[in-house]
Amino acid sequence: LKPSRFMNSINKNDIKVFRTENSKLDQTDFENLAFGQVFSDHMLTCDFKDGIWQKPIIEPYGPISLMPSAKIFHYGQSIFEGMKAYKDKDGKVFLFRPMENVKRLNKSAKRLAIPELPEDFFMEGLKALLEVEKDWIPEKEGSSLYIRPFVFATGEGFHASPANQYKFIIALAPSGAYFAGKVKVLIEEKYSRSANGGVGYAKAGGNYAGQFYPTQLAKDKGYQQVIWTDDTSHEYIEEAGAMNVFVRIKDTLLTSPTSDRILDGVTRKSVLKIAEDEGIKTEVRKVKVSEIVEAAKNGDLKEMFGAGTAAVISPISGFGFRDDDFDLPELENSYAMRIKKRIVDIQTNKAEDPFGWRVQV
Ligand code: COI
């Protein structure tokens, strides 16, 4: 399943562009953007067939046609990435640590028996697409162009085995904030997001589908998200909804180590790096639910937050555990807000980038 020896290198100028005659740019309200609800005019598409990834093209964003027997519908070979493009005040366009997403897409591909994509196809394809779509990048603070690269099985067959054809698409959605309002979470002890030896570390569509039902149950009880715990003992926290999770006990910032079960989040590792740079003590270790409950009771629990590309950092206002509810204090100078500002300032070219994370397109 390695990329073919042929056609594994491409330059953005080689990518053919088929332009739409009906741009939606004028009808788009950039002042009131929700998250991932409106889509730009064009998308990048690239097919895998005859054993190789074919040349990507840029075409109008629109419906795609698939056979009912396409294996995506039956066996769920589907993976994705999430990233963002930002525009600074001079109109320069930036990505944030994009190679992390390219590499992770191929890690996910490998786990789902999907042929890996040559890195150039992704990066050069994305650059070419952003050149065509640069007017879709919001300039408003707190907004950005959400980028959704994804791969799924288009090849046909009811046999439960990997497909022989796939499609890679990059679609773009100018977006505002992911969460509106406070996020209260429920510590989940029955359902699991992932298991040892499973696909939890991959960004597989099915990982998210499996979260919807338990999250719906939590919503019915008045929470917005679930804190996932380990599948064997349910004693350790692992992720918060679709994000990695951080806990501040006294002045130490804690997060679980990545594993088979936990996604290696780009924001997660950026938070750790910034925290270190800010002189905040961090510990990457298993975090017990009982430790959090105890800290909430004695006042040592200062903050909890989710970290992911979509929301960047999302403070948690309180959590439920069994029959108890715990509120978190509202801090003036929270780690969450301090670290978020540093990350966003780097992303949007408002601050120095000592780590070399920002990539100009
Ligand atoms: C994130 O960016 O936090 C994600 O996991 C993607 C989300 C839209 C599902």
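All values reported here derive from a predicted model rather than from experimental measurement. Start at 1 and go down the list; that is how both ligands and their atoms are numbered.
- Checking Gln77 against Tyr166 by side-chain atom types alone, a donor-acceptor pair falls below 3.5 Å.
- Pairs passing the side chain to side chain donor-acceptor pair (under 3.5 Å) check and including a residue from residues 343-353, sequence neighbours excluded, read Tyr86-Gln347, Asp88-Asn349, Lys341-Asp345, Asn349-Arg358.
- For Asp41 and Ser23, the side-chain atoms include at least one donor-acceptor pair closer than 3.5 Å.
- The pair Lys190-Glu188 does not count as a salt bridge, with every side-chain nitrogen at least 4.0 angstrom from each carboxylate oxygen.
- A side-chain donor-acceptor contact under 3.5 Å links Ser161 and Lys71.
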Pick out the protein N or O atoms lying less than 3.5 Å from any N or O of ligand 1, and list each pair with its distance.
| residue | atom | partner | partner atom | Å |
| --- | --- | --- | --- | --- |
| ligand 1 | 2 (O) | Thr309 | N | 3.2 |
| ligand 1 | 2 (O) | Ala310 | N | 2.7 |
| ligand 1 | 5 (O) | Lys203 | NZ | 3.1 |
| ligand 1 | 5 (O) | Ala242 | O | 3.0 |

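- Considering Leu254, Asp300, Val247 in turn, Leu254 is the only one that fulfils the side chain to side chain contact (heavy atoms under 4.5 Å, CB included) rule with Glu291.
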